[in-house]
Colleague: 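Quick one: the structure is below, questions incoming.
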Amino acid sequence: MTRVIAVANQKGGVGKTTTAVNLGGALSEAGQRVLCVDLDPQGHLTVNMGTKYPDELELTVFDLLTQHDVAVSDVRLHSDRIGVDFLPANIELSGAELGLVNEFGRERILSEKLEPFLDEYDFVVMDCPPSLGLLSVNALVAATEVIIPLQCEYFGMKGMQQLRRTIDRVRAKLNPRLVVAGILPTIYKPRTLHSQEVLELVKEHYGDEVYSMRVDASIRFAECPLEGESILQYATSSPGAKAYRELAQQVIHRQPVAT
């Protein structure tokens, strides 16, 4: 069965896009068939895949969600460097929530559009926007599991509690199969006491839900989009590349549990 992973956190700047891109690339490197989905109107995943001018794309996720006759195959692109298929987004997507307000079954549109194509992939990795609006809810309804990138700062930990409540509501009313695959510590600064203390608090509170690896802060991640590469190609021996390869292996072999 295809595993559909939503990379979600309503707080911005915590490494959602970085995680979606590099997890997708690491899964592909490990021999998995991967589709990445850009659900953020900023289109950063699309840029990181090598599409330098996303605003010039004829069809995007916006069209997939708002037009009944547009299918995944119409929107889908391929990143040769990263080795994954992807559904691109641009600023147009910011109008999708308004366009879907009166749509019947609006929370399930993405799930219904993906369903006919799931057999083509082992994993679908979705980059969610920094909000808990309709786009994120569509991702959670389509997903089998959620990875939560958590910046190792106090406010990041507090914000995660709201996301967990949203996941619980989606599971109760719309998608009973949804589970939390794990919490990924990101943008970790090993020299700061604050990062160390927050990571210890998260491990103490969430236990085995926290992945064993962490993603340290690095300028390398910011440089990757300019080359249209993941960290696996851009800095293949870096700690960041190692962390995402380890994450991919844990995702492949670790069985998520309902919480």
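The analysis underlying the following values was restricted to heavy atoms, covering all of them including side chains, and did not include hydrogens, waters or symmetry mates.
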Colleague: Using a 3.5 Å distance criterion without hydrogens, assess whether the side chain of Asn9 forms a donor-acceptor pair with backbone atoms of Lys16.
Modeller: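 No, Asn9 side chain to Lys16 backbone: no donor-acceptor pair under 3.5 Å.
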Colleague: Taking Thr236 for the side chain and Leu232 for the main chain, is one N or O donor matched with an acceptor at less than 3.5 Å?
Modeller: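 Judged by distance alone, yes, a pair lies under 3.5 Å.
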Colleague: Is the side chain of Thr66 donor-acceptor paired with the backbone N or O of Ala96 at a distance under 3.5 Å, no angle test?
Modeller: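 Side chain of Thr66 to backbone of Ala96: no pair is present.
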Colleague: For the CZ atom on Arg106, are there more than 12 heavy atoms of other groups (residues, nucleotides or ligands in this structure) within a distance under 6.0 Å?
Modeller: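 Yes, enclosed.
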Colleague: Less than 4.5 Å apart, side chain to side chain, heavy atoms only: is that true for Asn48 and His44?
Modeller: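 Answer no - side chains too far apart.
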Colleague: Is the shortest side-chain heavy-atom distance between Leu201 and His205 below 4.5 Å?
Modeller: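 They are not in contact (no side-chain heavy atoms under 4.5 Å apart), so the answer is no.
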Colleague: Take atom CG of Asp208 as the centre, draw a 6.0 Å sphere, and report whether it contains more than 12 heavy atoms from other residues, nucleotides or ligands.
Modeller: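 Atom CG in Asp208 is not crowded, with 12 or fewer foreign heavy atoms closer than 6.0 Å.
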Colleague: Is it true that Arg171 and Asp168 make a salt bridge, defined as a side-chain N closer than 4.0 Å to a carboxylate O?
Modeller: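 Yes, this pair counts.
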Colleague: Please confirm whether the backbone N or O of Gln32 pairs with a side-chain atom of Asp122, one donor and one acceptor, at under 3.5 Å?
Modeller: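 Side chain of Asp122 to backbone of Gln32, a donor-acceptor pair under 3.5 Å: no, none is there.
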Colleague: Please find the pair of heavy atoms, one from Phe86 and one from Thr51, that lie closest to each other, and give the distance.
Modeller: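 Closest approach of Phe86 to Thr51, heavy atoms only: CZ-OG1, 3.5 Å.
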Colleague: Side-chain contact, heavy-atom cut-off 4.5 Å: Thr2 with Val124?
Modeller: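 Side chain of Thr2 against side chain of Val124, heavy atoms only: contact under 4.5 Å found.
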Colleague: If I compare all heavy atoms of Pro54 with all of Asn90, which pair ends up nearest, and what's the gap?
Modeller: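 In terms of heavy atoms, the two residues are closest at O-ND2, 2.9 Å.
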Colleague: Under 3.5 Å, side chain of Arg81 to main-chain N/O of Glu227, donor-acceptor pair present?
Modeller: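 Yes.
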Colleague: Are His68 and Glu103 packed together at the side-chain level, in the sense that at least one heavy-atom pair is separated by less than 4.5 angstrom?
Modeller: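 Yes, close enough: below the 4.5 Å cut-off.
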Colleague: Given side chains that start at C-beta, do those of Cys36 and Val84 come closer than 4.5 Å, heavy atoms only?
Modeller: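 Yes, at least one pair of side-chain atoms sits under 4.5 Å.
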Colleague: For Leu134, is there any backbone N or O sitting under 3.5 Å from a side-chain donor or acceptor partner on Glu97?
Modeller: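 Checked: pair present.
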Colleague: So, Asp38 side chain and Thr46 main chain: donor-acceptor pair closer than 3.5 Å or not?
Modeller: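 Side chain of Asp38 to backbone of Thr46: a pair is present.
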Colleague: State, to 0.1 Å, how close Ala139 and Leu39 come at their nearest heavy-atom pair, and which atoms those are.
Modeller: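 Nearest pair, atom of Ala139 first, then Leu39: CB-CD1, 3.6 Å.
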Colleague: Tell me, with the steps shown, if Arg108 and Leu174 meet side-chain contact (heavy atoms from CB on, under 4.5 Å).
Modeller: CA-CA 9 Å; Arg108 301 184 182 276; Leu174 297 167; 3.8 Å; yes
Colleague: Any side-chain heavy atom of Asp40 sitting closer than 4.5 Å to one from Leu45?
Modeller: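 Heavy-atom side-chain distance check fails, nothing below 4.5 Å.
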Colleague: Verify the cluster assignment for Val198 and Val210: are they in a single hydrophobic cluster under the rule of side-chain heavy atoms below 4.5 Å apart?
Modeller: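 Val198 clusters together with Val210.
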Colleague: Please lay out, stage by stage, how Ile167 and Ile148 fare under the test side-chain contact (heavy atoms from CB on, under 4.5 Å).
Modeller: CA-CA 11 Å; Ile167 292 170; Ile148 306 173; 4.3 Å; yes
Colleague: Within a strict 4.5 Å, meaning less than it, do heavy atoms of the Thr18 and Val215 side chains meet?
Modeller: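 No. Closest side-chain heavy atoms not under 4.5 Å.
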Colleague: Check whether any side-chain heavy atom of Thr19 lies under 4.5 Å from a side-chain heavy atom of Leu184, and answer yes or no.
Modeller: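 With C-beta onward as the side chain, the pair touches.
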Colleague: Please assess Val61 against Leu135 for the test side-chain contact (heavy atoms from CB on, under 4.5 Å), listing each intermediate value before the final yes or no.
Modeller: CA-CA 11 Å; Val61 169; Leu135 290 173; 5.8 Å; no
Colleague: Inspect the contact between Arg164 and Glu209 and indicate whether a charged nitrogen and a carboxylate oxygen are less than 4.0 angstrom apart.
Modeller: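 Counted as a salt bridge, because a side-chain N and a carboxylate O are separated by less than 4.0 Å.
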